[in-house]
Amino acid sequence: MTQLTLYNTRTRAKAPFTPLDASNVRAYLCGPTVYDRAHLGNARNVVIFDILIRLLRRLYPRVTYVRNITDIDDKINNRAKERGVSIEQVTEGPIRWYHEDMGALFTLPPDIEPRATDHLAEIIEIIERLIQNGHAYVAEGHVLFSVASDKEYGKFSGRTPDELIAGARVDIAPYKRDAGDFVLWKPSTPDLPGWPSPWGRGRPGWHIECSAMSWKHLGQDFDIHGGGDDLIFPHHENEIAQSCCAFPGSHFANVWVHNRMLLVNGEKMSKSLGNFLVLHDVLAKAPGEAVRFLLMRSHYRSTLDFSDAALIEARKELDRFYRALETHSGIEAAAEIPASVLEPLCDDLNTPGAIAALHALADAALAGDASAAAGLKAAGAVMGLFNLSPAQWFAGDVPAEVRALADARIAARKARDFAQSDRLRDEIAALGYTVEDGPNQTYKLRKS
RNA sequence: GGUCCGGUGGCAGAGUGGUGAUGCAGCGGACUGCAAAUCCGUGUAUGUGGGUUCGAUUCCCGCCCGGACCUCCA
């Protein structure tokens, strides 16, 4: 079995992956805060993790994949207040859209998709433990984590408490003992959603829900925790602090996998900059698999600058793979993933390297090598590619009108009326299709 | 300001201490009524100045440029 190697943010180094329990690899991905449509950056994160999960499932008998939904959040509260509706009414649409959009990218659903609203008991228990352990304190109705109580605090993201204070750009709440202390629980006014707690009616802070949900579903220690690299600080630093201090002796996640941010026109795509591309809009102008492929064309730890040109290129590359599969139509995927693909994937998810190997397989398949086609299909499965039949990929459901024009064109060609034949080809092109002639008066249509 | 990452051909994008993958685009050719697809051939690159080395794109240092985090963000 090929050994999987992953870059671990915690150690800032690549290392062979060793599961805590090889019979059940446990992984957690920070999921969406559901108040809006998912954007393309969310998609990169989920697609990359999807490939990791597929790969792990090839390498280990069982993988438990947990991806949470954060449905408690001030932005959600604000929307609910603006619209005069419940938070459930705010989150219901975004959750459905999220599933639809991620499904369109052929990402696998997680095994467990816990919601913050279902884990108040666990959240409260962790906070109580932290207070008991002397890692948290109550102040003016808030419960705060005391960073000074945790000598490990800051190590993960590579910063010192001094740096945190120096870098603080926000007003420091007067009830905080240290500038870096963060909220575990905060009071809710009557007009805001709230839950009963030993500290009064309130709501959890931002980071605690992930500590609670990963604990509930994966245990105190688990294998892999993923997310975008903008979450390293403060989100993941705080998750580690909360979980490790609540459960002395535990180490929380073993390996931390962070993908780099997606850029648009050379700038980070973010909600605060307002330059984010809504995934749903991108999916409207390109096939989901092309979007997926685009997101794996560069290594997950390097920046990816999105452009329409890149999206077109991604689609063209997939065309070639589908053409190779088309020449061996109906072929079954090989039982084994070709080593030329598996090796780069196992080397810290080197998807561009794997794609290069895919091209070599496609070349061989186009030259008539059926085993290469079977290997291509197997390799595609672990990367979440080739989900459609070649006919679906190229043409989808061809309108009858286009079919009729193509049939008429074949008739014209039979009669050697090439002027008419070319006119019909132009008409077909105007409807968005390209017609390719095959042997013996056959043709193929594809979307142009 | 502090911390960190990166600069590879027209574009996208890997690897590697020893003549620089892969794709897209381009060019020439085969095939085709013409195309499309496919096949064959083909040009162009390691930001910059030093250092280490028999040899550096790869390691080290300076410089320039770009990006990220330090605040809600995947």
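Letters A, B, ... are given to chains in the order of the sequence lines, protein chains preceding strands, and every chain is numbered from 1.
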### Query
How would you label the contact of A:Asp73 with the nucleic acid (heavy atoms, under 4.0 Å): base, sugar-phosphate, or nothing?
nothing

Where the side chain of [X] is defined as all heavy atoms beyond and including C-beta, which of [options] is the nearest nucleotide?
X        : options             : result
A:Pro352 : B:G33, B:G13, B:C72 : B:G13
A:Arg260 : B:G67, B:C5, B:C72  : B:C5
A:Asn45  : B:A37, B:A14, B:A74 : B:A74
A:Asp437 : B:G13, B:C70, B:A35 : B:A35
A:Arg425 : B:C34, B:A74, B:C70 : B:C34
A:Pro234 : B:G23, B:U38, B:C70 : B:C70
A:Asp422 : B:A37, B:U22, B:C34 : B:C34

#### Entry: For B:A45, the Watson-Crick or wobble partner whose two distances fall under 3.5 Å
none

Rounded to whole Å, please give me the gap between [atom1] in [X] and [atom2] in [N].
X        : N     : atom1 : atom2 : value
A:Lys316 : B:G26 : NZ    : P     : 7 Å
A:Ile410 : B:U32 : CD1   : C1'   : 13 Å
A:Leu325 : B:A37 : CG    : P     : 18 Å
A:Met102 : B:A74 : CE    : C1'   : 9 Å

### 5' priority, RNA chain B, between A:Leu304 and A:Thr33 [closest heavy atom]
A:Leu304

### Message
Go nucleotide by nucleotide along RNA chain B from the 5' end; which of A:Gly438 and A:Arg12 gets its closest nucleotide reached first?
### Response
A:Arg12

### Query
More than 12 heavy atoms of other residues, nucleotides or ligands under 6.0 Å from CG of A:Asp397: is that the case?
no

### Message
Take a 6.0 Å sphere around CD of A:Glu336 and say whether it holds more than 12 heavy atoms from other residues, nucleotides or ligands.
### Response
no

### Query
Which class fits the ring pair A:Phe252 and A:Phe222: parallel under 30°, tilted 30 to 60°, perpendicular over 60°?
perpendicular

### Query
With under 30° as parallel and over 60° as perpendicular, where do the rings of A:Phe293 and A:Phe321 fit, or are they tilted in between?
perpendicular

### Task
Can you measure from CG (A:Leu144) to CZ (A:Arg177) and round to the nearest 0.5 angstrom?
9.0 Å

Taking only the [atom1] atom of each, what is the distance from [N] to [M] in whole angstrom?
N     : M     : atom1 : value
B:G47 : B:C70 : P     : 29 Å
B:U46 : B:U3  : P     : 32 Å
B:A56 : B:G29 : C1'   : 39 Å
B:C40 : B:C31 : P     : 16 Å

If the cut-off is 4.0 Å, is [X] near the phosphate of [N], judged by side-chain N/O to OP1 or OP2?
X        : N     : answer
A:Arg320 : B:A37 : no
A:Asn42  : B:A74 : yes
A:Ser448 : B:A36 : no

### Query
If only atom types and distance count, is the side chain of A:Asn350 paired as donor or acceptor with the main-chain N or O of A:Leu345 below 3.5 Å?
no

